[in-house]
Number of protein chains: 2
Amino acid sequence: MDEKDAIAMLGALSQEMRLRIIRFLIGRGDDGASAGEIAEAMDAISSKASFHLSALERAGLITSERQSRKIIYRVSFLGLGGLLSFILNDCCSNHPDIREHCGLPNFEC
Amino acid sequence: MDEKDAIAMLGALSQEMRLRIIRFLIGRGDDGASAGEIAEAMDAISSKASFHLSALERAGLITSERQSRKIIYRVSFLGLGGLLSFILNDCCSNHPDIREHCGLPNFEC
DNA sequence: TCCATATTTCAACCTCTCTTGAAATGTTGA
DNA sequence: TCAACATTTCAAGAGAGGTTGAAATATGGA
């Protein structure tokens with residue numbers, strides 16, 4: 001996870017429907033959801049949902065797996081965790097006391 | 001910190017120069033840096049730096065304070081922490097075990 | 001007051017992103 | 001093989017974001 005990857009992920013998350021998709025998929029956990037289910041949940045036409053799903057996948061925030069006719073999308077815990085680690089470590093490595101300002105619990109980075 | 005605020009912050013961070021400015025200002029800590037110092041450190045013309053500084057300030061990620069002729073910018077620990085909390089709590093409230101996937105230390109959200 | 005310094009604002013231009021509907025691709029079951 | 005289903009790809013248009021140089025604003029000192 002370098003700066004370029006982080007920027008791609010941050011950019012992917014900074015869009016209303018894409019953030020809603022991520023939250024929806026986090027709620028679904030390991031079951032994930034098909035492109036059609038996601039489009040329906042987002043109240044979006046299929047091509048619009050597909051556009052945002054591929055943006056999220058390109059950024060490494062979700063994964064896809066074909067199951068017969070459907071394509072199942074799942075949140076990538078690895079990707080999302082990598083982004084969080086990147087931001088947290090950038091903070092902590094320079095300023096160990098930033099967590100206090102952030103209202104975050106105390107832990108080692 | 002609602003979804004709109006988070007999207008604005010994520011969007012502000014998803015740009016190379018702006019992410020570099022944030023990292024630079026984190027390194028400066030409470031001293032902050034003037035617009036001119038930041039522009040020089042970023043190797044950017046003043047209007048470009050100013051454009052990105054106002055984007056970061058509008059998103060709540062930095063603060064500004066005039067000191068005579070100069071304007072001192074500082075990273076907003078409150079803003080950055082709010083964003084981190086938003087993402088972490090969104091994760092944790094739905095899936096308590098996501099931290100394991102994220103490679104993050106164990107703590108309560 | 002006048003000048004130099006520090007920074008922002010503005011307008012123009014270009015590029016990238018988002019949205020939409022239609023067409024194409026891939027998959028299953030009759 | 002054919003029809004229905006599930007999803008993506010494509011092209012076109014609208015809109016948002018980034019870069020630049022010039023002009024405007026604000027401050028401090030001679």
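Per chain, numbering begins at 1; letters A, B, ... match sequence-line order.
Every residue was checked against the side chain to side chain donor-acceptor pair (under 3.5 Å) condition with B:R20, not counting sequence neighbours, and none meets it.
Of the side-chain N and O atoms in A:R66, one or more sit less than 4.0 angstrom from OP1 or OP2 of C:dT27.
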Which side-chain N or O atoms in residues 3-17 of chain B pair as donor and acceptor under 3.5 Å with protein atoms at least two apart or in another chain?
{"from": "B:E3", "atom 1": "OE1", "to": "A:R23", "atom 2": "NH1", "distance (Å)": "2.6"}
{"from": "B:D5", "atom 1": "OD2", "to": "B:D2", "atom 2": "N", "distance (Å)": "3.2"}
{"from": "B:S14", "atom 1": "OG", "to": "B:L10", "atom 2": "O", "distance (Å)": "3.4"}
{"from": "B:S14", "atom 1": "OG", "to": "B:G11", "atom 2": "O", "distance (Å)": "3.0"}
{"from": "B:Q15", "atom 1": "OE1", "to": "B:M17", "atom 2": "N", "distance (Å)": "2.9"}
{"from": "B:Q15", "atom 1": "OE1", "to": "B:R18", "atom 2": "N", "distance (Å)": "3.2"}

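Of the residues in residues 7-18 of chain B, those lying under 4.0 Å from DNA chain D by heavy-atom distance are B:Q15, B:R18. Near DNA chain C, defined here as any heavy-atom distance below 4.0 Å, the residues from residues 43-56 of chain B are B:S46, B:S47, B:S50, listed numerically. The stretch residues 67-74 of chain B touches DNA chain C through B:R69, B:K70, B:I71, B:Y73, each having a heavy atom within less than 4.0 Å of the strand.
When all heavy atoms are compared, the tightest approach of A:R69 to A:R66 is O-NH1, 3.2 Å. Contact detail for B:M1 and B:G82: the closest heavy-atom pair is CE-C, 3.6 Å. Nearest heavy atom pair, residue A:R74 against residue A:D30, reads NE-O, 2.6 Å. In terms of heavy atoms, B:I71 sits closest to B:S64 at CG2-CB, 3.9 Å.
Protein atom CD1 of B:I21 is 11 Å distant from nucleotide atom P of D:dG18, rounded to whole Å. Atom pair A:E40:CD and D:dA6:C1' shows a separation of 13 Å (rounding to whole Å applied). Going from atom CZ of A:R20 over to atom P of C:dC18 covers 14 Å, rounded to whole Å.
Between A:I26 and A:L80 the shortest side-chain heavy-atom distance falls below 4.5 Å. Using a 4.5 Å heavy-atom threshold, the side chains of A:I62 and A:S76 count as separate. Contact check for A:L53 versus A:E57: no side-chain heavy atoms found under the 4.5 Å cut-off.
Here salt bridge (Lys or Arg N to Asp or Glu O under 4.0 Å) pairs that include residues 31-53 of chain A, with residues two or more places apart or in two chains, are A:R28-A:E37.
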